[in-house]
Amino acid sequence: MTTTTRRYTLSLSCPDRVGIVAAVSNFLAAHSGWITEASHHADTESQRFFMRQELLADSLTLDIDTLRSEFAKIAAPFDMKWRISDSARKKRVVILVSKQEHCLYDLLGRWQSGELDIDIPCVISNHETFRGLVEWHGIPFHHVPVTPDTKAAAYAKVEQLYVEAEADVMVLARYMQILSPGLCEKFPGQIINIHHSFLPSFVGAKPYHQAFKRGVKLIGATCHFVTSDLDEGPIIEQDVVRIDHSDVPEELVRSGKDVEKAVLARGLRYHLEDRVLIDGNKTVVFR
C-alpha cells in the first residue's frame, strides 16, 4: 500500500466486555473491509477497551457516510465513543505561537515538505514577530494581543478564528500564554501543547539555566493535551536527551529545543493519525 492510498481509520473506546472485537470484525468483513493495521488494548484499571483499525477505503462496499451510519448501530450496544476518519480529508491544524520560533519553523517545514499531510488555515500569535514568515508561506496570520485586561476578549477571538477555520486541532507551538479554562473545556482533546519536562521542578523563567545550576543529567520535553489544569493534561509523547557537566546553559537550551521540536511533531502526528485515545488523565497511543 502506498502512502497515497485512501484509507479509513476507525478508533474507539468503550467499557471492556466480551465480544467487542468480534462485533467490529464481523461488521467490517460483512462489508468487505480490508484491514491493513489493527491495534487493541484493554486497560485493567479503568476497565475500558481501546481499538484502532485502518482500512482500505476502496475495499468497502459502503461510502463513508453510510459506513458511519451503519457502524453507529454496532457501537450503540457497547456504549462506544468512536470516530471514522477519511485520509482523503486533510486534518486542519491551527498553530499558536509567541516569540520562540523553533517549533513553528519545524512544523512549517514538515508541512511544506509533505511530511505532515495537513492544512494550516491560519497561525495566531500574541506578537507580530512571525507575520512575515507565516505570510511568506501563504498562510493567514492573525495578531491577537493578550494583556491582563484583554484576556477574555483575546481568547474569544482565538475561539472565533479556530471555529471559522473549521479546524480539527489547535497546537501551542511555544505559545507563552495560559489559555482560559472556558476555551480548554470547550475543545477537550483538541488542544496540544509542548513544554520542557522539568515542570514542576523548574518553573518560571529560564528553566534550562535552573537545570544547569542543579547539574541535571537529562533534559526532555512533554507533548500533552491542554486542560483547565495547567500542564496536567493527558500526556501524548515524551523524550529526553542526555547531557553532562561540560554542557553550558546555551547548550542545554539548544538541546532542549531539538527535543521539543521532535516530541511535538511526533505527538501531533500520532494525534492526526487517530493513534491517541484518551483514558481519563492518561492516553493510549497506538504507535
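This is a predicted model, so every value here is computed, not measured.
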**Item:** Donor-acceptor pair between Thr9 and Asp274 side chains, under 3.5 angstrom
**Value:** no
**Request:** Would you please test Met170 and Leu96 for side-chain contact (heavy atoms from CB on, under 4.5 Å) and show each step?
**Result:** CA-CA 7 Å; Met170 183 187 305; Leu96 273 65; 3.6 Å; yes
**Asked** Could you walk me through whether Lys91 and His271 pass the side-chain contact (heavy atoms from CB on, under 4.5 Å) check?
**Response** CA-CA 10 Å; Lys91 300 286 179 64; His271 178 70; over 6 Å; no
**Item:** Salt bridge present between Arg275 and Glu237 (N-O < 4.0 angstrom)
**Value:** no
**Pair Ser69, Thr66: side-chain N/O donor-acceptor within cut-off below 3.5 Å** = no
**Message:** Tell me which pairs pass salt bridge (Lys or Arg N to Asp or Glu O under 4.0 Å) where either residue lies in residues 167-192, with sequence neighbours left out.
**Reply:** Arg89-Asp168, Glu159-Lys186, Arg174-Glu260
**Complete:** By ring-ring contact (aromatic ring centres under 6.0 Å, His included), Tyr175 pairs with (sequence neighbours left out) none
**Heavy-atom pair of closest approach, residues Ser98 and Ser125** = O-OG, 3.7 Å
**Request:** Considering only NZ, NE, NH1 and NH2 on the basic side and carboxylate oxygens on the acidic side, decide whether Glu70 and Arg68 come within less than 4.0 Å.
**Result:** no
**Check: Leu161 and Val94 side chains under 4.5 Å, non-hydrogen atoms** = no
**Asked** Are there more than 12 heavy atoms of other residues, nucleotides or ligands under 6.0 Å from atom CD of Gln47?
**Response** yes
**Message:** Under the side-chain hydrogen bond (donor to acceptor under 3.5 Å, both in side chains) test against Tyr162, which residue among Gln190, Arg92, Lys157 passes?
**Reply:** Gln190
**Fill in**
Closest heavy-atom pair, Ile236 versus Val276, reported as atoms and distance to 0.1 Å, is CG2-CG2, 3.8 Å
**Request:** State, with a plain yes or no, whether a side-chain heavy atom of Met176 is found less than 4.5 Å away from one of Lys99.
**Result:** no
**Message:** Just by distance, no angles: are the side chains of Asp229 and Thr227 close enough, under 3.5 Å, to form a donor-acceptor pair?
**Reply:** no
**Message:** Are Leu55 and Thr36 packed together at the side-chain level, in the sense that at least one heavy-atom pair is separated by less than 4.5 angstrom?
**Reply:** no
**Message:** Within the 4.5 Å heavy-atom criterion, are Thr283 and Leu277 side-chain neighbours or not?
**Reply:** no
**Request:** Report, as yes or no, whether the 6.0 Å neighbourhood of atom CD on Glu128 holds more than 12 heavy atoms from other residues, nucleotides or ligands.
**Result:** yes
**Message:** Hydrophobic clusters here meaning ILVMFWY residues chained together by side-chain heavy-atom distances under 4.5 Å, can you tell me if Val169 and Ile278 are in one?
**Reply:** yes
**Asked** Taking all non-hydrogen atoms of both residues, which atom of Cys14 and which atom of Leu12 are closest, and how far apart?
**Response** SG-CD1, 4.4 Å
**Message:** Let me check something: do Leu172 and Val158 share a hydrophobic cluster, defined by ILVMFWY side-chain heavy atoms less than 4.5 Å apart, either directly or through other members?
**Reply:** yes
**Message:** Between Asp279 and Arg48 (salt bridge meaning N to carboxylate O under 4.0 Å), is one present in this structure?
**Reply:** no
**Asked** When clusters are formed by joining ILVMFWY residues with side-chain heavy atoms under 4.5 Å apart, either directly or through shared neighbours, do Leu67 and Leu10 land in the same one?
**Response** yes
**Request:** Before accepting this row, confirm whether a basic side-chain N of the pair Asp43/Lys282 lies closer than 4.0 Å to the acidic partner's carboxylate O.
**Result:** yes
**Fill in**
Looking only at heavy atoms, the pair that brings Ile219 and Ser255 closest together is CD1-CB, 3.8 Å
**Request:** Rounded to the nearest 0.5 Å, what's the gap from CG on Leu183 to NZ on Lys151? Could you check?
**Result:** 12.5 Å
**Asked** Yes or no on side-chain contact (heavy atoms from CB on, under 4.5 Å) for Val24 and Met51, after CA distance, side-chain angles and deciding distance?
**Response** CA-CA 10 Å; Val24 174; Met51 174 186 287; 3.7 Å; yes
**Asked** Is the Phe130 ring parallel, tilted or perpendicular to the Tyr105 ring (thresholds 30°, 60°)?
**Response** perpendicular
**Request:** Please round to the nearest 0.5 Å and tell me the distance separating atom OG of Ser25 and atom CD of Gln53.
**Result:** 5.5 Å
**Prompt:** So does Arg6 pair up with Asp86, basic N to acidic O under 4.0 Å?
**Reply:** yes
**Message:** Could you check whether any side-chain heavy atom of Leu28 comes within less than 4.5 Å of a side-chain heavy atom of Ile35, counting everything from C-beta outward?
**Reply:** yes
**Prompt:** Among the clusters formed by ILVMFWY side chains lying less than 4.5 Å apart, do Ile84 and Tyr270 turn up in the same one?
**Reply:** no
**Note: Asp117-Lys90 ion pair, threshold 4.0 Å (strictly below)** = yes
**Prompt:** Does the gap between the ring centers of Phe286 and His40 come in under 6.0 Å?
**Reply:** no
**Item:** Flag side-chain contact, heavy atom, 4.5 Å: Pro145 against Asn126
**Value:** no
**Request:** For Leu218 and Ile243, work out which heavy atoms get closest and say how close.
**Result:** N-CG1, 4.2 Å
**Asked** Considering only heavy atoms from C-beta outward, does the side chain of Val97 approach that of Thr129 to under 4.5 Å?
**Response** no
**Request:** List the atom of Phe49, the atom of Val21, and the distance in Å for their closest heavy-atom pair.
**Result:** CZ-CG2, 3.6 Å
**Item:** Salt-bridge present (Arg266, Asp239; N to O < 4.0 Å)
**Value:** yes
**Request:** With the side chain counted from C-beta on, respond yes when Asp247 and Phe212 share a heavy-atom pair under 4.5 Å apart, and no when they do not.
**Result:** no
**Prompt:** Given Tyr155 and Gln177, is the side-chain contact (heavy atoms from CB on, under 4.5 Å) satisfied, shown in steps?
**Reply:** CA-CA 10 Å; Tyr155 292 132; Gln177 295 290 326; 3.3 Å; yes
